[in-house]
Amino acid sequence: MSNSPLVSYTKLSPNHSGQRTRKIDRITPHCVVGQCSVEQLGDIFLPASREASCNYGIGADGRVGMYVEEKNRSWCSSSNANDQRAVTIECASDGAEPYAFRDVVYQSLITLCVDICKRNGKTKLLWLEDKDKTLAYTPAPDEMVLTVHRWFANKSCPGNWMYARMGDLAEKVTAQLSAGMDEEDDDMDINKFKELWREMRKELQDNDASAYSEEARKWAVDNGIIRGGNSNEFNGMWEDMMTREQLVTVLYRFAQKFGLS
């Protein structure tokens with residue numbers, strides 16, 4: 001399990017439960033309740049006495065910090081069950097309700113969610129709105145689900161500003177994931193495929209081979225079963241694939257050598 005390449009600052013917190021017991025299929029955005037920097041967030045979560053942490057944080061300037069590696073369960077949402085499955089993200093916000101995010105923070109959150117989904121093999125981010133419906137929902141293998149802290153504790157988090165935009169977040173992230181898939185599909189035309197195929201074959205058509213086949217290869221060459229191409233320097237292309245044309249040629253040489261034809 002990898003961490004986000006968007007991270008520009010890291011200060012790992014001791015406040016986590018070690019490796020997750022569930023695969024990641026949720027993202028939980030939080031509001032910090034303050035326009036903190038990524039460095040300040042690192043200082044907040046560093047003391048063990050804090051007994052709190054998050055996987056990522058977004059500072060007031062939009063930079064991304066990491067405080068608990070993605071492979072580990074953070075202590076962020078007042079729910080072990082949620083945080084075992086969720087990547088938790090603390091976002092710099094105003095200090096009072098509706099705890100609004102600056103636009104640079106919100107845009108960074110969208111980008112980070114896209115990255116998290118991609119690296120975890122997800123093509124959709126869902127916001128189902130209802131707590132009971134969400135917690136009972138089993139995501140498809142390509143789906144990521146949004147959850148919120150207020151479902152697990154008597155808190156406003158992520159604040160009314162962000163809560164009102166959870167659907168927008170899901171839509172924007174899913175749209176970017178879909179656009180990325182379309183671009184990848186467009187790039188892979190028949191000519192590109194052929195070029196990649198030729199490159200792969202080149203790697204297979206050298207004279208490399210495993211030691212276990214040494215005796216058999218020597219026998220095949222000494223008896224003219226394998227003749228090594230048309231160049232002056234022998235190349236058995238031992239790791240390459242064999243066509244039916246090549247197969248019948250090898251069988252024919254074998255039959256000729258041992259008087260079976």
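Side-chain contact between Glu70 and Asn120 is present, with heavy atoms from C-beta onward closer than 4.5 Å. Annotation: side chain of Tyr56 is in contact with side chain of Ile116 (closest heavy-atom distance under 4.5 Å). No side-chain heavy atom of Asp142 sits less than 4.5 Å from a side-chain heavy atom of Lys122. For the pair Ser4/Met66, no side-chain contact is recorded, criterion being any heavy-atom separation below 4.5 Å from C-beta on. The shortest side-chain heavy-atom distance between Pro158 and His149 does not fall under the 4.5 Å cut-off. Considering only heavy atoms from C-beta on, Gln176 stays 4.5 Å or farther from Lys118 through its side chain.
Linking ILVMFWY side-chain heavy atoms closer than 4.5 Å, directly or via other members, places Leu12 and Leu46 in two distinct hydrophobic clusters. Linking Ile, Leu, Val, Met, Phe, Trp and Tyr residues whenever their side-chain heavy atoms come within less than 4.5 Å leaves Leu126 and Val87 in two separate clusters. Transitive grouping of hydrophobic side chains (ILVMFWY, heavy atoms separated by less than 4.5 Å) brings Phe45 and Val32 into a common cluster. Following chains of ILVMFWY side-chain contacts shorter than 4.5 Å, one cannot reach Tyr99 starting from Trp151, and the two form parts of different hydrophobic clusters. When the side chains of ILVMFWY residues are joined at heavy-atom separations under 4.5 Å, either directly or via intervening members, Ile89 and Ile44 end up in two distinct hydrophobic clusters.
The shortest non-hydrogen separation linking Leu146 to Met166 is CD1-O, 3.6 Å. Across Val38 and Gly59, no two heavy atoms sit closer than the pair CG1-N, 3.5 Å. Across all their heavy atoms, Ser93 and Val33 have their closest contact at OG-N, 3.0 Å. Scanning all heavy atoms of the two residues, the minimum distance from Val104 to Ala60 falls at CG1-O, 3.4 Å. Contact record, Ala92 with Val105: O-CG1, 3.8 Å, taken as the closest heavy-atom pair. For the pair Leu41 and Cys36, the tightest heavy-atom approach, listed with the atom from each and the gap, is CG-CB, 4.2 Å.
Listed by first and then second residue, the salt bridge (Lys or Arg N to Asp or Glu O under 4.0 Å) pairs involving residues 43-53 are Lys11-Asp43 (not counting sequence neighbours). Residue pairs that meet the side-chain hydrogen bond (donor to acceptor under 3.5 Å, both in side chains) test with at least one member in residues 126-138, sequence neighbours left out, are Tyr137-Glu143.
Side chain of Ser213 to main chain of Ala216: no donor-acceptor pair is present (N/O by atom type, distance under 3.5 Å, no hydrogens or angles). Arg20 places no side-chain N or O within 3.5 Å of a backbone atom of Ser74 that could act as its donor or acceptor partner. Judged by distance alone, the side chain of Asn235 and the main-chain N or O of Met237 form a donor-acceptor pair under 3.5 Å. Judged by distance alone, with hydrogens and angles left aside, the side-chain atoms of Arg253 form no donor-acceptor pair with the main-chain N or O of Val250 at under 3.5 Å. Looking at Asn55, its side chain does come within 3.5 Å of a backbone N or O of Val68 through a donor-acceptor pair.
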One pair to check against side-chain contact (heavy atoms from CB on, under 4.5 Å): Asp61 and Arg102. What are the steps and the verdict? CA-CA 8 Å; Asp61 60 359; Arg102 295 176 180 173; over 6 Å; no
Can you check side-chain contact (heavy atoms from CB on, under 4.5 Å) on His16 and Tyr67, steps first, answer last? CA-CA 10 Å; His16 63 83; Tyr67 313 104; over 6 Å; no
Pair His30-Ser77, side-chain contact (heavy atoms from CB on, under 4.5 Å): steps then yes or no: CA-CA 8 Å; His30 297 253; Ser77 306; 3.2 Å; yes
Please determine whether side-chain contact (heavy atoms from CB on, under 4.5 Å) holds for the pair Leu177 and Lys124, giving the CA-CA distance in whole Å, both sets of side-chain angles, and the decisive distance to 0.1 Å. CA-CA 7 Å; Leu177 291 169; Lys124 300 174 186 175; 5.9 Å; no
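Of the N and O atoms on the side chains of Asn3 and Glu69, at least one donor lies less than 3.5 Å from an acceptor on the other residue. Counting only N and O atoms by type, the side chains of Arg119 and Ser2 include a donor and acceptor under 3.5 Å apart. Asn15 and Ser53 are not linked by any side-chain donor-acceptor pair at a separation below 3.5 angstrom, with hydrogens and angles left out of the test. Between the side chains of Thr88 and Thr28, no donor-acceptor pair is found at a separation under 3.5 Å. Tyr106 and Asp168 share a side-chain donor-acceptor pair at under 3.5 Å.
Note that CG of Asp103 and CG of Leu109 are 11.5 Å apart. Values are rounded to the nearest 0.5 Å. Separation of atoms CD1 (Ile58) and CZ (Arg63) is listed at 12.0 Å; rounding is to 0.5 Å. With rounding to the nearest 0.5 Å, the separation of SG in Cys31 from CE in Met162 is 10.5 Å. Leu6 contributes atom CG, which lies 7.0 Å from atom OG of Ser108 (distance to the nearest 0.5 angstrom). Annotation: the span from Glu214 atom CD to Arg217 atom CZ amounts to 6.0 Å, rounded to 0.5 Å. Here the CD atom belonging to Gln84 is positioned 15.0 Å from the NZ atom belonging to Lys23, to the nearest 0.5 angstrom.
With sequence neighbours excluded, the residues satisfying salt bridge (charged side-chain N to carboxylate O under 4.0 Å, His left out) with Asp25 are Arg85.
More than 12 non-hydrogen atoms from other residues, nucleotides or ligands lie less than 6.0 angstrom from CZ of Phe258.
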